[in-house]
Amino acid sequence: MLQINLLREKPEFVIERLAIKNFKASELVHAIVDLDQKKRVLQKNLDDNLAESNKLATEIGNFFKQGNKAEADTLKLRTATLKEASKELSEQLEDASAKLAELSVQLPNLPHDSVPKGTHAEHNEIVSQEGEIPVLHKEAVPHWDLAKKFNLIDFDLGSKISGAGFPVYRGKGARLQRALINFFLESGINAGYEEIQPPYVVNEDSAYGTGQLPDKEGQMYLATLDKLYLIPTAEVPVTNIYRDVILKPADFPVKNVAYSACFRREAGSYGKDVRGLNRLHQFDKVEIVQIARAENSYEILDEMVAHVTFLLRSLGLPFRILRLCGGDMSFASALTYDFEVYSTAQERWLEVSSVSNFESFQANRLKLRIKNESGKTELAHTLNGSALALPRIMAALLENYQVEDGIRIPAVLVPYTGFEKIS
RNA sequence: GGAGAGAUGGCCGAGUGGUCGAAGGCGCACGCCUGGAAAGUGUGUAUAUGCCAAAAGCGUAUCAUGGGUUCGAAUCCCAUUCUCUCCGCCA
């Protein structure tokens, strides 16, 4: 959620910046500013009214104490009309506030200056690319065939137990998963992140806090009996640790790393995108989250990008980094770098990580603030990134490391898997 | 799941209808004292929002959350959430 002050003071600037995200904000911005103005007038009237009532109540109290019942009773008559008016005003105020909140959450975050214009993924800017794309032997196949051949992942069994998109990992497939999770967690810890094991379901407040609600309601599984949402990413519970929190300068840096299963309904997905491990309803991910001060949040973003780069380098996978264009960025992000690994058998790039700075957009909703050295409170900046999402890493590993008689395991993972080869 | 007790500021804790944003203590910040420190001592120490260019100042709201009673609620009533104790069930 954007800060209301910015909308009040520079509405045209906001409209202009949001055009980079291909968002036509003019109408909405003006509606918000008008409504805000209206709300403040109501607030003022109500406050004045209540002040008057409070004054009268004190006077009545005093008269009672003096035993002057008659005076007290006359004053009481006056409070009745005030009370009526206050009730009316507070209803109007509540109405205006609700509408304002409803409109405010519809405005996306402003993109950072470096965000390229563009409407689609093709307009994303390739920042860098590294790693050798391996030349595979002529019998090489996509990961779903490898998974079957070596009995690593059973998609049909998952369908039987739960439904499409809930694969069953088994044997060395399951062990490789676990090895990756441990490698990612350990790497995070080595980089100074505190490990968190969050709940996998969250309440409405948390889902709202990170912006899953109200817009993305249909993308989450909901346990209706208790009104709990299955988390689509560990970002949700971990970031909500800091909901309604005021941090001190001494609390920094705030760095969390968390493994979790992630649940996504992925309504509306189809085609080659969903084949094999490419898109699942349940998958594993290690997430990194940082809370930063406004003045250095972009340095922190670079640090997080460097961390993800380290992970992919260690795994020996060919990858590239993209700076997302305005049209491809998420609603809440100010700047996002996507990481894609090359899946050699599918001959396509697969997104495995997305690292973003949300600046104060999430913090504003979360009420996550910092009390600075001079005693002023200001909004914090929030950042997060996948480090990393498992399924597509798994897909790329299986495909890129396949040899004629099996699948090799990158050296860095061997201490975690306990085996060097799948065959 | 059943029965009972409870939820007050960063923390502890007082407050059962008015003068309570809230005693007292701890902690913290700044000052005095000191060669330096401790002790002592003084002052300050919540959040949101509105008026104001801003600061100061003032108004309003907030004693788990939401509603109600009342001229007036931390205090009384109702609902919800959470915590603790006991019983039941259970990995």
Side-chain angles (χ1 to χ4, degrees), chain A residues 1-11 32-101 103-105 197-209 213 223-229 237 240-252 254 360 362-380:
Chain A
M1 200 162 79
L2 292 173
Q3 288 169 260
I4 188 73
N5 272 336
L6 183 67
L7 297 179
R8 267 183 217 153
E9 285 159 22
K10 302 181 185 170
I32 289 171
V33 171
D34 288 349
L35 202 50
D36 172 60
Q37 180 58 34
K38 193 178 146 199
K39 183 191 145 190
R40 283 191 290 162
V41 171
L42 286 168
Q43 175 89 259
K44 175 87 177 114
N45 290 344
L46 176 62
D47 284 357
D48 289 348
N49 234 313
L50 291 174
E52 179 76 15
S53 296
N54 287 344
K55 222 173 88 190
L56 283 176
T58 314
E59 284 174 27
I60 291 171
N62 288 337
F63 280 128
F64 268 122
K65 222 163 271 167
Q66 294 159 18
N68 194 343
K69 244 194 145 114
E71 280 291 345
D73 284 340
T74 14
L75 285 186
K76 267 197 201 183
L77 292 177
R78 275 175 61 198
T79 60
T81 49
L82 274 175
K83 218 178 163 185
E84 196 68 25
S86 293
K87 199 181 166 193
E88 176 80 10
L89 280 168
S90 66
E91 269 165 21
Q92 288 176 23
L93 179 65
E94 205 168 300
D95 205 51
S97 301
K99 265 188 203 140
L100 187 61
L103 294 185
S104 298
V105 299
Q197 284 192 16
Y200 286 9
V201 294
V202 294
N203 58 28
E204 226 177 346
D205 284 347
S206 294
Y208 182 83
L213 294 179
T224 52
L225 213 51
D226 297 294
K227 244 197 159 180
L228 292 170
Y229 293 88
N240 269 285
I241 291 174
Y242 306 97
R243 170 153 52 86
D244 261 314
V245 164
I246 300 178
L247 295 165
K248 299 186 294 288
D251 295 328
F252 289 88
V254 178
S360 61
Q362 270 187 335
N364 194 25
R365 252 202 217 195
L366 288 164
K367 298 197 181 68
L368 164 56
R369 289 151 295 171
I370 300 165
K371 193 193 267 282
N372 68 23
E373 286 81 355
S374 53
K376 279 220 169 197
T377 51
E378 58 197 19
L379 288 173

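Below, read A as the first sequence line, B as the second, and so on, with proteins coming before strands; counting in each chain starts at 1. For the numbers below, each heavy atom of this structure counts, side chains included, while hydrogens, waters and symmetry mates do not.
- Checking side-chain atoms of Asp251(A) against main-chain N and O of Lys248(A) turns up a donor-acceptor pair under 3.5 Å.
- At most 12 heavy atoms of other shown residues, nucleotides or ligands fall within 6.0 angstrom of atom CD in Glu94(A).
- Base pairing of G59(B) is made with U49(B), judged by Watson-Crick or G-U wobble geometry with both donor-acceptor distances under 3.5 Å.
- Straight-line distance between the C1' atoms of G24(B) and G72(B): roughly 27 Å, to the nearest whole Å.
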- Under the side-chain contact (heavy atoms from CB on, under 4.5 Å) rule, what do Lys69(A) and Phe64(A) come out as? Steps first, then yes or no, please. CA-CA 6 Å; Lys69(A) 244 194 145 114; Phe64(A) 268 122; 4.0 Å; yes
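- Salt-bridge formation is detected for the pair Lys44(A)/Asp48(A): a Lys NZ or Arg NE/NH1/NH2 atom is positioned less than 4.0 Å from an Asp or Glu carboxylate oxygen.
- Residue Glu91(A) qualifies as enclosed at atom CD: its count of foreign heavy atoms under 6.0 Å is above 12.
- Pair assignment for G9(B) gives none, since no Watson-Crick or G-U wobble pairing has each distance under 3.5 Å.
- Across the C1' atoms, A54(B) and U62(B) are found 26 Å apart, a figure rounded to whole Å.
- Residues Asn49(A) and Ala85(A) approach most closely at ND2-CB, 3.8 Å, considering heavy atoms.
- Side-chain nitrogen and oxygen atoms of Lys83(A) include at least one within less than 4.0 Å of the OP1 or OP2 phosphate oxygen of G72(B).
- Between U19(B) and G25(B), the distance separating the two C1' atoms is 24 Å to the nearest Å.
- The same atom, C1', is picked in A23(B) and in G31(B); the two are 25 Å apart, to the nearest Å.
- Across all strands shown, G44(B) forms a Watson-Crick or G-U wobble pair with C28(B), both key distances being under 3.5 Å.
- For the P atom pair drawn from U16(B) and C26(B), the interatomic distance equals 24 Å after rounding to whole Å.
- Across Asn364(A) and Met1(A), no two heavy atoms sit closer than the pair ND2-O, 3.0 Å.
- Look at the C1' atom in both A64(B) and U83(B): the space between them is 11 Å, to the nearest Å.
- Enclosure of atom CZ in Arg78(A) is not indicated, since only 12 or fewer non-hydrogen atoms of other residues, nucleotides or ligands lie within 6.0 angstrom.
- Gln66(A) CD: more than 12 foreign heavy atoms inside a 6.0 Å radius.
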Review item, nucleotides 43-48 of chain B N/O atoms under 3.5 Å of protein N/O:
unit_1	atom_1	unit_2	atom_2	d
U47(B)	OP1	Lys371(A)	NZ	2.5
U47(B)	O3'	Arg369(A)	NH1	2.9
A48(B)	OP1	Arg369(A)	NH1	3.1
A48(B)	OP1	Thr377(A)	OG1	3.4

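- On the C1' atoms, G42(B) is 25 Å away from G57(B), given to the nearest whole Å.
- C12(B) sits 15 Å from C28(B) when the C1' atoms are compared, rounded to a whole Å.
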- With the sugar-phosphate defined as primed atoms, P, OP1 and OP2, and the base as all remaining atoms, what B/S/- string results for nucleotides 49-63 of chain B, 5' to 3', for protein heavy atoms under 4.0 Å? SSS-------BSS--
